[in-house]
Amino acid sequence: MLTDAELAIAAASGDRGAFADIYDRYANGLYELCRAVLGDAHEASDAVHDTFVIAATRLAGLRDPARLKPWLCAIARHESIRRSTKRARNRPAIDEVLEVPVADESARGLIAEDAASLVWEAADALSERERAVLVLNVRQGLDGAELAAAAGLPSATTSVLLSRAKTQLATAVRCTLLLRNGRDDCAELARVAPRKHAALDALARKRVARHAATCPVCATTWNKTPEALGALAVAPVAGAPVALRHHVLNDPQLISFSTPLGGGGWQRDGFPPREPDESRRRIVGGFAAALIAVVVAAGLWLVSSKDDAPTLAAPRLGHSTTTVGDDFAPWPTDPPHGNTTTSRKQTTTTAKRSTTTTRRAPGGATATTSAPAPPTTAAPAFSISASAREASVACHGSAHVSANTSGGSPSALYLHWRDPTGSGGSNNMSGSGNSWSGATSSLDSAGTWTWWVSDSLFGGGTRSAQHTIDVTGPC
């Protein structure tokens with residue numbers, strides 16, 4: 001049997017038989033990857049077709065032919081994500097994410113037998129990128145640098161994504177099984193997921209997991225969950241449609257292409273464009289939101305300043321109307337009868353909301369009035385101290401925090417938290433004046449989390465010291 005490198009070199013030189021061998025070796029695995037990402041058999045077939053056509057036109061650019069497998073996986077992943085983005089398939093509406101059948105007696109006896117189908121069903125609740133990295137690792141056997149190359153992400157980001165995907169899959173399997181078999185046994189679970197078909201989105205998973213962690217009725221089913229990754233690894237391979245081979249190997253583009261297909265932005269080693277780094281995107285998004293907030297605040301301040309500025313009416317011909325202090329009577333509009341008309345000169349100067357009016361009286365004296373500028377009051381500085389009621393919590397638990405301010409009273413406070421990878425969230429705290437309280441949402445991964453309290457929605461501004469809380473597993 002020829003190696004991947006030998007097949008890649010032969011196919012790049014025009015050997016159609018070698019290219020057919022590449023198809024036979026990897027078509028089923030790539031079809032499974034595309035179907036896991038796209039969730040549709042027809043879309044997956046089209047993605048696999050385009051993957052091989054693009055690969056045929058770009059084989060000569062693959063710098064290391066021995067990396068044929070991760071290279072093909074990277075193209076298939078790129079095509080699947082591109083198709084998913086093009087059709088704007090975010091996640092379906094909440095009632096359509098995943099339908100979990102109503103519990104019945106037959107389902108109770110199938111926990112071991114249908115473990116693989118259960119895992120595939122639960123995997124539909126994960127994001128497309130999470131499903132892709134799971135299939136690449138568990139089904140295609142890629143790890144380390146090869147997994148990162150196929151996923152189109154930096155190695156560190158891929159490791160975090162894979163760890164999160166494994167955790168989310170285990171939780172999704174537990175939730176799916178519990179909703180199948182436990183709804184009739186627990187009134188509280190029926191309240192958490194009251195519909196006959198429950199939507200297993202991220203929010204539903206958190207609610208069901210939080211309930212199961214403290215419910216003695218649901219604990220039995222929750223702990224019977226089959227080992228998700230093991231079941232996924234031994235599941236039968238979903239083969240590509242038989243007719244797809246003929247369509248790929250006889251595609252006219254394999255013969256008549258003039259430039260490599262697949263768009264631009266490909267990397268120097270021949271791999272397709274990398275995926276955007278989610279952590280960098282979050283940072284950029286947060287910076288953009290903060291910048292917008294600053295611009296809006298500046299605009300409001302300018303409008304407010306303009307509204308507060310004194311308005312001086314333009315003098316009318318032959319008249320001069322001026323507002324002066326209470327101790328200085330205004331000059332009459334016209335000179336008294338019987339007197340010689342005396343020239344009157346009015347000068348008005350405005351600077352920093354201070355208005356000065358100068359008049360020359362008939363007797364030659366000069367009177368000046370000045371309206372003092374309103375005093376500027378700076379917002380009082382204040383500090384925040386905070387403490388948590390718990391030193392550690394079980395996985396899917398919450399930390400309860402109290403905060404006190406000194407030197408001033410903010411209008412709002414926010415509790416922020418981050419997991420060991422830097423992901424997290426924030427909640428509004430309740431209270432007023434100097435005393436505030438709040439709690440995190442479900443802390444859903446084991447490890448040391450950090451938290452702090454701030455008067456800014458974005459976590460900056462005036463803030464407390466950073467604290468830690470240990471989340472104990474298993475998750």
Side-chain angles (χ1 to χ4, degrees), residues 4-5 7-12 16 18-87 128-129 131-137 139-155 158 161 237-241 244-245 247-249 251 253-255 257 259-276:
D4 280 1
L7 283 177
I9 293 171
R16 302 280 307 272
F19 185 75
D21 289 341
I22 293 175
Y23 179 93
D24 294 337
R25 184 173 294 183
Y26 291 116
N28 288 341
L30 297 181
Y31 174 78
E32 192 173 68
L33 170 62
C34 295
R35 187 165 182 177
V37 174
L38 292 166
D40 181 87
H42 297 293
E43 287 271 6
S45 295
D46 290 343
V48 172
H49 175 276
D50 290 353
T51 294
F52 278 104
V53 171
I54 292 170
T57 67
R58 288 186 174 270
L59 264 171
L62 177 59
R63 182 170 296 179
D64 184 357
R67 301 178 73 192
L68 176 65
K69 180 178 180 179
W71 182 69
L72 289 172
C73 289
I75 298 174
R77 181 268 312 161
H78 179 70
E79 278 300 299
S80 299
I81 296 296
R82 183 189 65 80
R83 285 174 171 272
S84 177
T85 303
K86 183 177 180 180
R87 72 183 184 185
E128 292 146 344
R129 286 173 174 81
R131 293 198 299 273
V133 77
L134 267 178
V135 171
L136 289 170
N137 176 250
R139 302 288 290 175
Q140 300 299 323
L142 299 179
D143 57 14
E146 301 298 351
L147 176 61
L153 293 167
S155 295
T158 305
L161 181 61
V237 175
L244 182 60
R245 186 179 191 274
H247 292 312
V248 169
L249 299 182
D251 192 294
Q253 295 180 95
L254 299 182
I255 303 172
F257 74 93
T259 59
L261 304 178
W266 286 55
Q267 303 174 65
R268 292 183 178 179
D269 58 1
F271 276 71
R274 304 184 76 173
E275 290 291 310

Tell me if a side-chain donor or acceptor on Trp71 pairs with a main-chain N or O of Gly270 at a distance below 3.5 Å. yes

Determine, for Arg35 against Glu32, whether the closest basic-nitrogen to carboxylate-oxygen distance falls under 4.0 angstrom. no

From Ile75 atom CD1 to Arg82 atom CZ, the distance as rounded to the nearest 0.5 Å: 12.5 Å

Let me confirm one number: the OH-OG1 distance from Tyr26 to Thr51, rounded to the nearest 0.5 Å. 14.5 Å

Working to the nearest 0.5 angstrom, can you tell me the gap between Arg245 CZ and Asp24 CG? 4.0 Å

Which residue is it: Val48, Leu72, Val135, Leu134? I am looking for the one with a side-chain contact (heavy atoms from CB on, under 4.5 Å) to Leu33. Val135

Donor-acceptor pair, side chain of Ser80 and main chain of Ala76, under 3.5 angstrom: yes

Would the distance check show the side chain of Gln267 and the main-chain N or O of Pro272 forming a donor-acceptor pair, the cut-off being under 3.5 Å? yes

Do Asp4 and Pro65 have side chains that approach each other closer than 4.5 Å (heavy atoms only, starting at C-beta)? no

Going by side-chain contact (heavy atoms from CB on, under 4.5 Å), name the residues that satisfy it together with Asn28, two or more places apart in sequence or in a different chain. Val237, Ala240

Indicate the atoms forming the closest heavy-atom contact of Ala8 with Leu68, along with that distance. CB-CD1, 4.3 Å

Should the pair Tyr23 and Phe52 be assigned to parallel (<30°), tilted (30 to 60°) or perpendicular (>60°) ring geometry? tilted

Find the distance between CG (Asp269) and CG (Leu62) and round it off to the nearest 0.5 Å. 8.0 Å

Please name the pair of heavy atoms, one in Leu261 and one in Trp266, separated by the smallest distance, quoted to 0.1 Å. O-CZ2, 4.4 Å

Rounded distance (nearest 0.5 Å) linking atom CZ of Arg129 with atom CZ of Arg131: 11.0 Å

